[in-house]
Amino acid sequence: MTYPVFSMGLKTYKVPMSLHAENRSKLINKLRSSSSSSSCSDGIVYLVGGTARERNDSDHEPIFRQESYFHYLFGVKEPGFAGSINVKTGETTLFQPRLPKEYAVIMGSIETCEEIQKRYGVDKVMYLDQAEDFLMCHCTSRTKENNDSDEDGDEKKSSHNGVVLLCQGTNSDSGNMYHPPKLNIPQIDTNLLFDILAECRVIKTPNELSLLRHVAELSSEAHVEMMRLCQIGMMEYQLESIFRHYVYYHYGCRNMGYTPICGCGPNSAVLHYGHAGAPNDRTIQEGDMCLLDLGTEYHCYGSDITCSFPANGTFTENQIGVYEGVLQAQKDVIEMLKPGVSWVDCHYAAECAILRALIALGVVVAHDKTVEELVVQMRLGAVFMPHGLGHFIGVDTHDVGGYLPNHPPRSPLPGLRSLRTSRIMKEGMVITVEPGCYFINALLDEALDVNSPLAKYLVTDRLDQFRNSGGVRLEDVVAVTKDGCDNYTTCPRTVTEVEHVMGGGKWPPVKDEAPELKRTRLTFV
């Protein structure tokens with residue numbers, strides 16, 4: 001089959017719909033090889049896509065973004081669809097809503113089933129109001145066929161055939177439940193599909209890797225644009241506006257992957273700044289560090305990149321000390337990242353690098369402990385980096401699969417409990433590496449309390465010089481390869497690179513001055 005492509009026109013990236021066919025094949029193969037394969041050999045996967053919603057009690061309809069599991073398998077951009085995959089044959093059927101004739105007047109022409117089939121490269125398209133009968137017919141016909149072929153007439157032998165596999169489970173990042181659709185069909189299984197489908201999303205195909213690299217590279221360009229245009233006296237939201245315009249105007253990226261964080265000065269220590277109560281609305285001032293965490297989506301595949309830089313374009317001595325500690329943490333993690341490595345060990349390595357920098361700055365004293373003991377035993381690193389080192393990324397910014405069965409559980413310890421996965425790295429995973437160092441008054445006060453075992457390792461007078469200065473975070477999108485990793489982010493990272501770009505210098509560079517970051521396409525983009 002020749003598959004169509006998704007594109008936003010002009011020279012925007014062309015996503016082959018074969019990407020989703022490959023995802024479906026991966027799911028089918030995992031279902032067939034699972035320990036419960038006998039219960040789904042004649043099964044049919046059924047997922048319902050997202051629906052268009054209106055804002056509160058108004059008729060305003062926010063821009064629709066497809067439900068992620070549904071997009072992963074089918075790539076459908078419109079709301080109100082459902083889809084099925086026959087586990088035995090691989091036949092894929094989409095079910096489109098039967099739209100009223102008024103739709104053609106208000107929203108545009110109503111596409112036929114044939115047009116939808118051609119757009120998404122599936123085997124069949126029917127109407128949504130036919131879906132339940134279609135599923136029931138499959139269950140009935142498969143059960144009858146198996147009973148007819150059973151010479152002993154053993155009803156128990158065929159009791160698992162013709163089952164409809166529905167998704168049901170809890171997202172380990174949000175804690176929210178994925179609820180299956182309600183169907184009036186007796187042969188339903190809600191136990192098998194969720195974990196297998198989530199695991200499929202963890203390991204990316206070559207087409208997915210190519211798309212994720214593209215989105216990371218274009219987001220990197222937009223970060224460079226913000227660096228170039230940043231000026232004292234601007235509002236934080238103006239930096240957000242620059243990013244949004246750049247990725248949409250040049251690359252057709254309409255949706256952001258998450259709420260943009262444009263924290264400058266003390267706001268750079270607010271981990272998820274930029275929300276409705278703090279909408280990137282501070283004036284950028286002399287001496288500020290700017291922490292800009294923004295990523296866009298293309299065809300629902302996202303990026304998540306953070307840059308930190310001085311608002312005036314030149315680092316102070318204290319800013320260099322903190323920044324280079326975070327950069328060293330990123331270098332250390334990227335150097336060790338490969339199949340077989342524990343993500344928890346990567347987190348420890350990042351904390352160690354940051355504490356060494358704080359010791360050099362005179363903020364921390366080790367006394368009778370090694371840096372490793374301060375990190376592992378005392379958990380001092382969590383005072384300055386309270387979040388996890390990174391997360392899987394794909395169709396969701398915080399992509400699924402972090403804590404599935406038969407993988408390491410979440411730690412209850414400070415900092416480690418915020419890790420979005422504790423897994424052992426595998427080839428094909430795409431994960432963010434985002435060490436950070438922040439001076440958060442609430443955490444500092446707690447650590448300095450007279451009853452705290454951490455107080456003796458902190459130098460109060462020196463620490464006070466960093467209070468309200470904010471924080472530094474550097475975040476790259478990195479793919480785990482066969483024998484290492486490939487950094488898809490192409491932003492300025494060293495102090496020299498950042499000051500060069502903010503001073504009007506050329507980017508991307510002719511020569512990579514930090515090859516240990518493994519930005520393999522830095523000089524080619």
Quiz item: Any side-chain heavy atom of V478 within less than 4.5 Å of one from L337?
Solution: yes
Quiz item: Looking only at heavy atoms, which two atoms of P181 and L166 are closest? And how far apart?
Solution: O-CD1, 3.8 Å
Quiz item: Do other residues, nucleotides or ligands put more than 12 heavy atoms under 6.0 Å from the CZ atom of R53?
Solution: no
Exercise. Dump the intermediate steps for salt bridge (charged side-chain N to carboxylate O under 4.0 Å, His left out) on E199 and R423, then the final yes or no.
Key: CA-CA 12 Å; E199 182 63 27; R423 289 182 61 157; 2.9 Å; yes
Quiz item: Can any side-chain N or O of D396 pair as donor or acceptor with the backbone N or O of H398 at less than 3.5 Å?
Solution: no
Quiz item: Side chains of F81 and L128: does their closest heavy-atom pair fall under 4.5 Å?
Solution: no
Quiz prompt | Stepwise side chain to side chain contact (heavy atoms under 4.5 Å, CB included) check, V76 with R119 | solution = CA-CA 9 Å; V76 173; R119 172 184 292 172; over 6 Å; no
Exercise. Please check if the distance between the ring centroids of H20 and H299 is under 6.0 Å.
Key: yes
Quiz item: Cut-off 3.5 Å, side chains only: do H387 and Y438 have a donor facing an acceptor?
Solution: yes
Quiz item: For the residue pair L474 and Q330, what are the closest heavy atoms and their distance?
Solution: O-NE2, 3.3 Å
Quiz prompt | Q117 CD to T112 OG1 distance, which is reported to the nearest 0.5 Å | solution = 9.5 Å
Practice problem: Quick one: closest heavy-atom pair of S7 and K14, and the distance? | Solution: CB-CG, 4.0 Å
Quiz item: At what distance, to the nearest 0.5 angstrom, does CG of L294 lie from CE of M256?
Solution: 4.5 Å
Exercise. Please tell me if the side chains of M107 and E102 come closer than 4.5 Å, counting only heavy atoms from C-beta onward.
Key: no
Quiz prompt | For F6, the option from Y13, Y301, Y298 that meets ring-ring contact (aromatic ring centres under 6.0 Å, His included) | solution = Y298
Quiz item: Are side-chain heavy atoms of S411 and V344 found at a separation under 4.5 Å?
Solution: no
Quiz prompt | Rounded distance [0.5 Å steps], CZ in R493 versus OG in S220 | solution = 7.5 Å
Quiz item: Hey, is the main chain of E78 close enough, under 3.5 Å, to the side chain of Q66 for a donor-acceptor pair?
Solution: yes
Exercise. Decide whether D486 and T481 meet the rule of one side-chain donor and one side-chain acceptor closer than 3.5 Å.
Key: no
Quiz item: Backbone N or O of T296 within a donor-acceptor pair of the S303 side chain at under 3.5 Å?
Solution: yes
Self-check item: Sidechain-backbone polar pair: K204 side chain, S210 backbone, donor-acceptor under 3.5 Å
Solution: no
Quiz prompt | For T421, the option from D399, I431, D173 that meets side-chain contact (heavy atoms from CB on, under 4.5 Å) | solution = I431
Quiz item: How long is the span from the CE atom in M17 to the OH atom in Y120, to the nearest 0.5 Å?
Solution: 7.0 Å
Quiz item: Can you name the nearest heavy-atom pair linking V164 to C139, along with the distance?
Solution: CG2-SG, 3.6 Å
Quiz item: Hey, are the side chains of P408 and W343 touching, using non-hydrogen atoms and a 4.5 Å cut-off?
Solution: no
Quiz item: Any donor-acceptor pair under 3.5 Å linking the side chain of N280 with the backbone of P260?
Solution: yes
Quiz item: So, the side chain of E132 versus the backbone of N184: is there a donor-acceptor pair under 3.5 Å, distance only?
Solution: yes
Self-check item: From CA spacing to verdict: ring-ring contact (aromatic ring centres under 6.0 Å, His included), Y127, F134
Solution: CA-CA 10 Å; Y127 287 103; F134 174 85; over 10 Å; no
Practice problem: For atom CZ of R254, decide whether the heavy atoms of other residues, nucleotides or ligands shown that lie under 6.0 angstrom number more than 12. | Solution: no
Quiz item: Is there a side-chain contact between Q168 and F194 (heavy atoms, below 4.5 Å)?
Solution: no
Practice problem: Return yes when atom CD of E446 has more than 12 non-hydrogen atoms of other residues, nucleotides or ligands closer than 6.0 Å, and no otherwise. | Solution: no
Quiz item: What is the minimum heavy-atom distance between R417 and P414, and which atoms define it?
Solution: NH1-N, 3.6 Å
Exercise. Using modelled atom types only, decide if a donor and an acceptor are shared between the side chain of S34 and the backbone of L31 within a distance under 3.5 Å.
Key: yes
Practice problem: Report yes or no: is the cationic atom of R201 (NZ for Lys, CZ for Arg) closer than 6.0 Å to the six-membered ring centre of Y69, at no more than 45° off its axis? | Solution: yes
Quiz prompt | Separation between CZ of R65 and CG of N255, rounded to the nearest 0.5 Å | solution = 7.5 Å
Quiz item: Looking at side-chain heavy atoms only, is the closest gap between L419 and H347 below 4.5 Å?
Solution: yes
Quiz item: From D476 CG over to D304 CG, what is the distance, rounded to the nearest 0.5 angstrom?
Solution: 10.5 Å
Quiz item: Counting N and O atoms only, with roles assigned by atom type, does the side chain of R519 sit under 3.5 Å from a partner on the main chain of C491, one being a donor and the other an acceptor?
Solution: yes
Quiz item: With no hydrogens and no angle check, is any side-chain donor or acceptor of K30 less than 3.5 Å from a backbone partner on I196?
Solution: no
Self-check item: Non-hydrogen side-chain atoms of I305 and E475 separated by less than 4.5 Å
Solution: no
Quiz prompt | Nearest non-hydrogen partners of G263 and L292, listed with the distance | solution = N-CD2, 4.5 Å
Exercise. Just do the side chain to side chain contact (heavy atoms under 4.5 Å, CB included) check on S422 and H407 with the steps written out, would you?
Key: CA-CA 8 Å; S422 297; H407 293 289; over 6 Å; no
Practice problem: Without swapping roles, check the side chain of N487 against the backbone of L517 for a donor-acceptor pair under 3.5 Å. | Solution: yes
Practice problem: State, without any angle test, whether T432 and E434 hold a side-chain donor-acceptor pair at a distance under 3.5 Å. | Solution: yes
